[in-house]
2 protein chains.
Amino acid sequence: MQISELARRAGVPVATVKYYLREGLVPAGELTGATRARYGEEHLERLRLVRALLGPGGLSIARARAVLAAVDTPGTSVHGALGAAHRALPGVGSEGPADLEQARAVLRRQGWRVAEDSPALVALAAALEALRAAGAAPTDELLDRYADAAGRIGEQDVAAVPTGSVAEAVRFVVVSTVLLEPVLLALRRLAQEDASRRRFPDGC
Amino acid sequence: MQISELARRAGVPVATVKYYLREGLVPAGELTGATRARYGEEHLERLRLVRALLGPGGLSIARARAVLAAVDTPGTSVHGALGAAHRALPGVGSEGPADLEQARAVLRRQGWRVAEDSPALVALAAALEALRAAGAAPTDELLDRYADAAGRIGEQDVAAVPTGSVAEAVRFVVVSTVLLEPVLLALRRLAQEDASRRRFPDGC
DNA sequence: GACATTGGGTAGTGCCACTCTCTAGTGTTG
DNA sequence: CAACACTAGAGAGTGGCACTACCCAATGTC
């Protein structure tokens, strides 16, 4: 298929596909001449993945490229791919070295063990710092409840990883890590809405 | 305090504070002359809240203004404030009318009742659509597990709302709705990392 | 042989969150 | 009272980002 068909089937303007090709998000097609290239189903699939990461996934071009690099690198272990995906995701950017103490305490109580420099750990510390700065410091009890729920989800995520090939597992991990985040947030808001309706009926 | 002190104590450039004043994110100070205004502790608190919403909260200026409008409007019910906050939050922007069926099915199984046009419902449908487009359609079982965990969190969130004054409750709802999202996402990633380490030891 | 399309590249666009600069006025210091 | 630093308010400029429009020479199609 040519670029126009690729673009049409993915619902993306041709100029945008060219842009992704230039940025290295989508691999080049097979050149059949100086001004012709052929694209396959795998290009279409990749293009759809890119759109999902950039749109609903909320990634920037640069971060999407880093995430896709983890997908493309064969020989990476599944655990390593998860780490690469986490590193590529937008953590909560903080300037100074954040206060990791409350975050570490949660991990201790949950019995979780993670890398010393885990980006998720830094992100958690930064998020807690933001809450404190906004005058809404969370209690340890609240954090523990959140961690309980998060633990269930993380367990579920990892259990669902297919064991067929490493490549398949890596792709699954990356996609689900990124694209299930909006699902989780939407479900939380729905649960809040339901709980709020029950607790505050008729406008309290 | 003058604008320079306000800016210094919040760790924000003076020009940026002026910008927020112009955009209506921070209320004007009390004018003491044609070129002088006085700001109080409440301005400092508000400025810190704005920074938390824009930075870690990930809101745009326009969305932050809408969220803050909910905080500022007295007489709003707590349930109404939650709805206002949800409407102001960035849903997953989708073009056409998404397929709400799978999303509604989750709600039915959980026994949740939400508004027909709930933005969270649309966001969930859009997120599911993105997953399908990326070739990683989630099973109902996975969604149910996610919903179970989200249900716990939503319950917890609503239970934690202070019952003192409506204004206090509204502020709490808005802040926790927005600023606990990064906490939840970070905890999920930490749980994934721990679970992944246990399931894929030494690079599988 | 006319015409549309392609790969490849450069430059421009629109949006956003600031950031700079200017004016006119004001408090403060010596 | 004069010099000076600071202020409110507002317009214009900046840099980054994700496209998007345009151009060219080459090529495929009718």
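Keep in mind that what you see is a predicted model, and the values were worked out from it rather than measured. Note: hydrogens, waters and symmetry copies are ignored here, and every other heavy atom, side chains too, is used. Letters A, B, ... are given to chains in the order of the sequence lines, protein chains preceding strands, and every chain is numbered from 1.
- Note: CZ (B:Arg8) to P (D:dC6) measures 12 Å, nearest angstrom.
- By the 6.0 Å contact criterion, CZ on A:Arg109 is enclosed, its count of non-hydrogen atoms from other residues, nucleotides or ligands being greater than 12.
- Between the base of C:dG7 and the side chain of A:Lys18 there is a donor-acceptor pair shorter than 3.5 Å.
- If you measure from atom CD1 of B:Ile3 to atom C1' of C:dT26, you get 15 Å, rounded to the nearest angstrom.
- Rounded to a whole Å, the CG atom of A:Leu47 is 16 Å from the P atom of D:dA18.
- Rounded to an integer number of Å, the gap from A:Leu25 CG to D:dC17 P is 14 Å.
- With distances taken from any side-chain atom of B:Tyr19 to the nucleotides D:dA26, D:dA18, C:dA17, the minimum falls on C:dA17.
- Taking atom CZ of A:Arg38 as the reference point, atom C1' of C:dT5 lies 17 Å away to the nearest angstrom.
- Picking from D:dC6, C:dG7, C:dA24 the nucleotide with the shortest atom distance to the side chain of A:Thr35 gives C:dG7.
- For B:Leu54 and C:dT19, the CG to P distance is 12 Å, given to the nearest whole Å.
- B:Leu31 has its CG atom 19 Å from the P atom of C:dA24, to the nearest Å.
- For CZ of B:Arg113, the number of neighbouring non-hydrogen atoms (other residues, nucleotides, ligands) closer than 6.0 Å is 12 at most.
- Between A:Tyr20 atom OH and D:dC19 atom P the separation is 4 Å, expressed in whole Å.
- Note that the CG atom of A:Leu53 and the CG atom of A:Leu59 stand 5.5 Å from one another [nearest 0.5 Å].
- Across all strands shown, B:Glu23 has no heavy atoms under 4.0 Å from either base or sugar-phosphate atoms.
- At D:dT20, one or more side-chain N or O atoms of A:Thr16 fall inside 4.0 Å of OP1 or OP2 (strictly under the cut-off).
- The phosphate of C:dG7 (OP1 or OP2) has a side-chain N or O of A:Tyr39 nearer than 4.0 angstrom.
- Ranking D:dC6, C:dT26, D:dA21 by closeness to the A:Ala15 side chain, first place goes to D:dA21.
- The existence of a salt bridge linking B:Arg108 and B:Glu101 is confirmed by a sub-4.0 Å separation between a basic side-chain nitrogen and an acidic carboxylate oxygen.
- Side-chain contact annotation: B:Arg51 with B:Tyr20, donor-acceptor N/O pair under 3.5 Å present.
- Mapping A:Arg36 and A:Arg22 onto DNA chain C via the closest heavy atom, the residue that lands nearer the 5' end is A:Arg36.
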